[in-house]
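Down below is the structure, laid out as structure tokens.
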Amino acid sequence: MSNNDFTTLDGNILSGIGSQISALNLGGNNITSIDYNNGSVFSNASKSDGGSVNLAGSENLNVSGNTAYVIASALNSGGASLTLDDKTANDLATNQLASQSAWPGVSSAGFQSIAPQLSGNTVTTIVSQNATAVTSNVLQTLATTNADALSADTLTSLADKNANAITADALSSIAANNATAIDDKVVSSVLANKPTAITSDSLSAIAQNSAGALTSNLVSSILEKQPDAITSDSLSAIASGSADALSPAVVAQVVNSNPTAITADSLSAIAKGNGAALSADVLATVAKTSPDAITSTSLAAVAANNADALDATTLATIAKTHPDAIDATVIATVATQNPATLTPDLVTKLADAGVLDATALKTIAVNNPAALTGLSDDDKEKVIAAAGGSDKVGDVVNNPTTVPDSEAAKPATDTPVIAPQSDTQGSVAVSGGNIGFGQVNLGGTDDVITSPTAIEVAGTIPKSWSLAVSATPWQTADGQHQFQPTLTFGTVQDKANNKALDAIQLTSDGRTKVLVGNATAAQTFDVQMGSIQMTHFDGAVAGQTYTGTINWQLSNTQSATQQ
């Protein structure tokens with residue numbers, strides 16, 4: 001029925017055949033109004049298995065009254081198969097969703113289906129006038145397919161009016177796809193109203209992409225309200241992308257209240273991102289509460305970026321508790337950045353701790369020979385004995401000015417931490433269509449239903465990025481009922497490497513599973529799953545139709561969604 005110059009669909013054109021229509025193509029007709037009696041025809045076609053309704057070209061539809069009823073009914077029945085012009089989708093959303101009392105209503109599923117077409121003004125209007133219409137599924141769809149329609153003001157308003165719509169996955173996707181949509185007001189409002197949306201992953205994504213969104217006060221508040229979000233990964237991300245948010249007070253707060261977040265990697269990242277935030281007292285505390293963070297690599301990074309933090313007292317203390325961390329490279333870095341630190345007294349203490357070998361002594365001799373010439377005769381004997389007692393060691397200690405520069409260890413090269421860039425090439429795509437479990441009768445807690453739909457997920461993971469799969473709760477179209485089943489993806493095959501993989505399971509307690517974490521190099525992936533099983537139907541209400549979303553998320557870039 002396309003391209004027939006229809007301008008009005010009256011109640012007779014489709015009468016009598018409504019229940020038989022599964023594909024209704026009215027494209028190119030420039031229809032302006034649709035009679036109420038066509039509602040069942042549109043709904044039946046839209047919700048039919050493989051059915052569709054095409055209204056492309058009817059951008060002058062008067063989306064109110066009977067016309068709104070027909071289109072809304074089709075959207076609510078199976079909106080993913082309804083094709084509308086962008087103008088029509090925006091007009092419908094403004095007329096029916098922005099007004100809480102408009103008839104007929106557009107369900108959450110219907111809203112989700114047109115979300116990729118909505119403009120920023122439309123989304124802002126809906127959030128302003130009817131924020132509860134934006135569910136977590138709707139926001140996730142906007143975040144992954146239409147992030148440009150979101151602004152910082154809109155997100156702040158949503159967090160204030162309907163914080164439950166905001167999830168960690170949505171924040172991560174928004175930060176990746178529209179970095180300017182997250183600022184400090186957004187983070188502050190989310191932290192106040194939905195702190196669980198601030199996780200290590202979402203905080204990392206914000207730090208790497210929306211640098212101005214984090215301040216030292218905000219990071220301090222996150223430490224108080226959502227401490228689990230501060231991990232080694234998120235600290236490293238903040239240090240590389242939002243280093244100004246790591247003030248000395250904040251770093252001290254992390255060290256004292258959340259010491260597990262301080263690792264060798266995060267300590268190195270903090271040193272390279274904002275070395276001034278580290279002090280000798282902080283390092284002394286780290287040595288006690290996060291001992292594994294003290295390595296030669298992390299100490300060299302600290303010395304290169306804030307040599308004052310490695311004063312003589314701190315070095316002597318660390319030499320006793322972490323002798324392996326004081327090597328010739330660290331000594332060379334300290335000597336280059338702050339040579340006055342290497343005194344005869346410190347050399348004696350380093351010798352007592354057993355951290356001086358021939359290379360370390362040569363490094364001291366080249367960089368600060370006075371630290372050896374100033375030793376007493378007794379101390380020289382102690383240092384020589386501690387370093388192995390050979391004649392060559394004695395020559396270094398007794399004649400430090402004669403040691404060639406070429407025999408000294410070089411200081412660590414200060415290589416700043418590089419955050420993944422927004423133009424890093426990564427992709428994820430899913431094939432297999434929507435997943436259907438059909439209409440089922442559940443009789444007990446051990447029931448299992450299976451969707452035979454084969455799913456294939458393929459794409460490219462950039463270096464240092466991750467691939468994860470997550471699932472939203474299954475909910476009714478009106479959003480009033482929901483449950484969180486366990487999903488098991490079976491018969492998993494890694495086609496890229498021609499090998500079988502373990503089944504993937506998403507439970508009610510863990511709705512996200514990382515499949516590839518922190519890729520060590522850019523890599524392609526191609527994973528095929530033969531079926532999906534659903535179990536654990538606690539909370540499911542009889543007689544209801546439920547839909548849910550599965551997201552295959554490539555951190556800080558694109559994601560693919562299935563319903």
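Index from 1, following the sequence.
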Next on the checklist: For a side chain to side chain donor-acceptor pair (under 3.5 Å) check, start with the C-alpha distance between Thr180 and Asn178, then their side-chain angles and the critical distance, and finish with the verdict.
Outcome noted: CA-CA 6 Å; Thr180 59; Asn178 184 9; 3.0 Å; yes

Is the side chain of [X] donor-acceptor paired with the backbone N or O of [Y] at a distance under 3.5 Å, no angle test?
X	Y	value
Ser221	Asn217	yes
Ser242	Ala245	no
Ser290	Ala293	no
Asn177	Ala143	yes
Asp233	Ser204	no
Thr125	Asn121	yes
Asn209	Ala179	no
Asp184	Gly212	no
Lys161	Ser128	yes
Asn193	Ser189	yes

Distance from [X] atom [atom1] to [Y] atom [atom2], nearest 0.5 Å?
X	Y	atom1	atom2	answer
Ile126	Thr132	CD1	OG1	11.0 Å
Leu283	Leu299	CG	CG	7.0 Å
Gln208	Leu214	CD	CG	11.0 Å
Thr145	Leu142	OG1	CG	6.0 Å
Ile318	Ile294	CD1	CD1	4.5 Å
Ile182	Ser210	CD1	OG	5.0 Å

Checklist entry - Considering residues, nucleotides and ligands other than Asp244, do more than 12 of their heavy atoms fall under 6.0 Å from its CG? => result no

Item to check | NZ (Lys320) with more than 12 external heavy atoms under 6.0 Å | outcome: no

Apply side chain to side chain donor-acceptor pair (under 3.5 Å) to [X] and list each qualifying residue two or more places apart in sequence or on a separate chain.
X	answer
Gln117	Asp86
Asp308	Asn338
Thr295	Ser298
Thr314	Asp311

Checklist entry - Going through the distances and angles, do Asp228 and Ser200 end up as a side chain to side chain contact (heavy atoms under 4.5 Å, CB included)? => result CA-CA 7 Å; Asp228 289 346; Ser200 177; over 6 Å; no

Does some side-chain heavy atom of [Y] sit less than 4.5 Å from a side-chain heavy atom of [X]?
X	Y	result
Met534	Thr486	no
Thr263	Leu267	no
Ile262	Leu235	yes
Asn137	Phe111	no

If you take all heavy atoms of [X] and [Y], which pair is closest and at what distance?
X	Y	answer
Thr333	Ala304	CG2-N, 3.5 Å
Ile198	Leu191	CG1-CD1, 4.3 Å
Ala300	Val330	N-CG2, 4.0 Å
Val187	Ala213	CG2-O, 3.9 Å
Leu139	Leu155	CD1-CD2, 4.3 Å
Ala264	Asp292	CB-O, 4.1 Å

Item to check | Check against side chain to side chain contact (heavy atoms under 4.5 Å, CB included), Gln140 and Thr167 | outcome: CA-CA 8 Å; Gln140 184 65 32; Thr167 65; 4.0 Å; yes

Name each donor-acceptor pair under 3.5 Å that joins a side chain in residues 249-261 to protein atoms two or more places apart or in another chain, with its distance.
residue	atom	partner	partner atom	Å
Gln253	OE1	Ser220	OG	2.7
Gln253	NE2	Ser220	O	3.4
Gln253	NE2	Ser220	OG	3.4
Asn256	ND2	Ala252	O	2.7
Ser257	OG	Gln253	O	2.6
Asn258	OD1	Thr260	OG1	3.4
Asn258	ND2	Pro227	O	3.0
Asn258	ND2	Ile230	O	2.9

Next on the checklist: Going by the rule salt bridge (charged side-chain N to carboxylate O under 4.0 Å, His left out), which residues pair with Asp345 if we only count those two or more places apart in sequence or in a different chain?
Outcome noted: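 Scan of Asp345 (salt bridge (charged side-chain N to carboxylate O under 4.0 Å, His left out), adjacent residues dropped) gives Lys349.
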
Checklist entry - Can Thr124 and Thr154 be counted as having a side-chain donor-acceptor contact under 3.5 angstrom? => result yes

Checklist entry - Distance only, no hydrogens: is a donor on one side chain within 3.5 Å (strictly under) of an acceptor on the other, for Ser108 and Thr135? => result yes

Next on the checklist: Using side chain to side chain contact (heavy atoms under 4.5 Å, CB included), reason through Thr450 and Ile532 one step at a time and then give a plain yes or no.
Outcome noted: CA-CA 6 Å; Thr450 302; Ile532 300 181; over 6 Å; no

